[in-house]
Asker: 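What follows is a structure written as structure tokens; I'll ask about it next.
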Amino acid sequence: MLIVGEMKLSDIIHHDYTLVPVINRFNIQLGFGDATIEEVCKTKNINLGFFLTILNTFHDSQYFPKDYLKSFPATVLIKYLRKAHKSYVEEKIPEIKEMIQRLSELSSGNKKTLDLISNFFNGYSNEFGAHIEREEKVVYPYVLKLESSIDESGNDKSMLEEMDLYSISNYEQDHEDIEEKLFDLKNLLIKYLHAETDEPRLFEETSYLLLRELFVLEKELREHSRIEDLILVPKVEEMEKLIRIRN
Amino acid sequence: MAGVTNIVLIEHSFLLRSGVESLVQEIPGMLIMEVFDGSEKSLFEKIKSKKPDLVIINPDSLGESFIGVISKLQVEPEIEVVGLLKKDCLENISSRFKHKLITSENKHVLLDSLRKICGTDGPCEKNNQGPISKREIIILKEVVKGLTNQEIADKLFISIHTVMTHRKNITKKLGIKTVSGLMVYSLMNNIIDINEMG
């Protein structure tokens, strides 16, 4: 389904409730009545083209966001990506850590298995944190500078120099190892989790919650990197081209 | 049939095409490599150049060229031909096919027929099952100690190519891709002791 501005936001959520965290990132909370997407964007002062691009990219893995690309500034996109990062680092990851901790508390006797899983996930979260930090400290500032130097249309000399040092084409594609670790963690739980426990019911329930969180996080991250690859990178390439052409 | 079963589908209806595609997707090791709508010129040559293992044909999509195409396909020893047929398909057409998929059947009957035609219950799934071998355990131990492929090859007097093959098989069987994941697996299953770690 292609999501367009005239549709009711409530219908969209009925159709795909996994979009709730996505709209939350735009500061939209549940209880929006019968408002259409257009109307919600107007009240909340959200760029409609950008909102639709993000919704469609999350909703349909085949969607290719070509049409809307030019309709919003990079600032808006980066604000969104930062907010998403924040929710991973401050909410998702700590929640998962807590669930692993709870499993460890529920297991009796030798806690070796859960200590190992906990260490593995800590390793993952450090790597993930470092990846995010690199994006926020190197990539995003570069993109913002690019956009402001286009808007100012003044002297591009320093921008050109910076483009020679760093260009979005060297944008690191190091999502892969991080994705693989998450995949491994799921299999370690699904195929190899053996632990003794005095509270099997609670243990099972918590394992299920943990696994579900991992699947959700995996999907979120997959869409997140699709947004980076399909929206951020082409957008920046366009800006780089613009600067080169006028010089 | 070993490995991947490559399929060419000849179907002009979008809905039926999508249906066959979604069926094939459910069977590991089967792949639709090309779809024709039946109106193409010199269709037989086009099919043959793809070197498929299986050709699924809806006779309705071919119209008058059906007899010509099917007669040529039937004498190709490497290609199995499957008819995608309506339940009330005429005998003189349905008898042309050794294998049949009846469009009104339910999903599981269709999946079963497809698997039988392929001569297997999903080749890829079965091959990767089973615990890892003793030899693979020896390799695994070295991997989690942090040795590179070259170092393992030198230490065990085998080629680097052999090391890589073993590693691929270990990953396939265990479902674990990263070295740190393999380390957790090995420690969990007492394949390696924490003191052995480099």
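By convention in this document, chain letters (A, B, ...) are assigned in the order of the sequence lines, proteins followed by strands, and residues within each chain are numbered from 1.
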Asker: Could you grab the distance from atom OG1 of T178(B) to atom CZ of F120(A), nearest 0.5 Å is fine?
Answerer: 4.0 Å
Asker: Could you report the tightest heavy-atom contact between L188(A) and M188(B), atom names first, then the distance?
Answerer: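 Of all heavy-atom pairs spanning L188(A) and M188(B), the closest is O-CE, 4.1 Å.
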Asker: Sort L185(A) into side chain, backbone, both or neither according to what part of it lies under 4.5 angstrom from a heavy atom of chain B.
Answerer: neither
Asker: Does some side-chain heavy atom of K112(A) sit less than 4.5 Å from a side-chain heavy atom of N190(B)?
Answerer: yes
Asker: To the nearest 0.5 Å, how far apart are CG in L187(B) and CG in D115(A)?
Answerer: 11.5 Å
Asker: Name the one of V179(B), L182(B), I176(B) that satisfies side chain to side chain contact (heavy atoms under 4.5 Å, CB included) with D184(A)?
Answerer: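 Running side chain to side chain contact (heavy atoms under 4.5 Å, CB included) over V179(B), L182(B), I176(B) with D184(A) returns exactly one hit, I176(B).
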Asker: Give me the contact list for residues 88-98 of chain B versus chain A, heavy atoms only, anything under 4.5 Å, ordered by residue number.
Answerer: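 Against chain A, none of the residues of residues 88-98 of chain B fall inside the cut-off of heavy atoms under 4.5 Å.
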Asker: Whether the side chain of K191(A) engages the backbone of L174(B) through a donor-acceptor N/O pair (distance < 3.5 Å, no angle test) should be reported.
Answerer: yes
Asker: To the closest 0.5 Å, what do you measure between OG (S180(B)) and CD (E127(A))?
Answerer: 7.0 Å
Asker: For G175(B), does its backbone N or O pair with a side-chain atom of N187(A) as donor and acceptor, under 3.5 Å?
Answerer: yes
Asker: Calculate, to the nearest 0.5 Å, the distance between atoms NZ and NZ belonging to K181(A) and K177(B) respectively.
Answerer: 13.5 Å
Asker: Using a 4.5 Å cut-off on heavy atoms from C-beta on, say whether the side chain of V184(B) contacts that of Y192(A).
Answerer: no
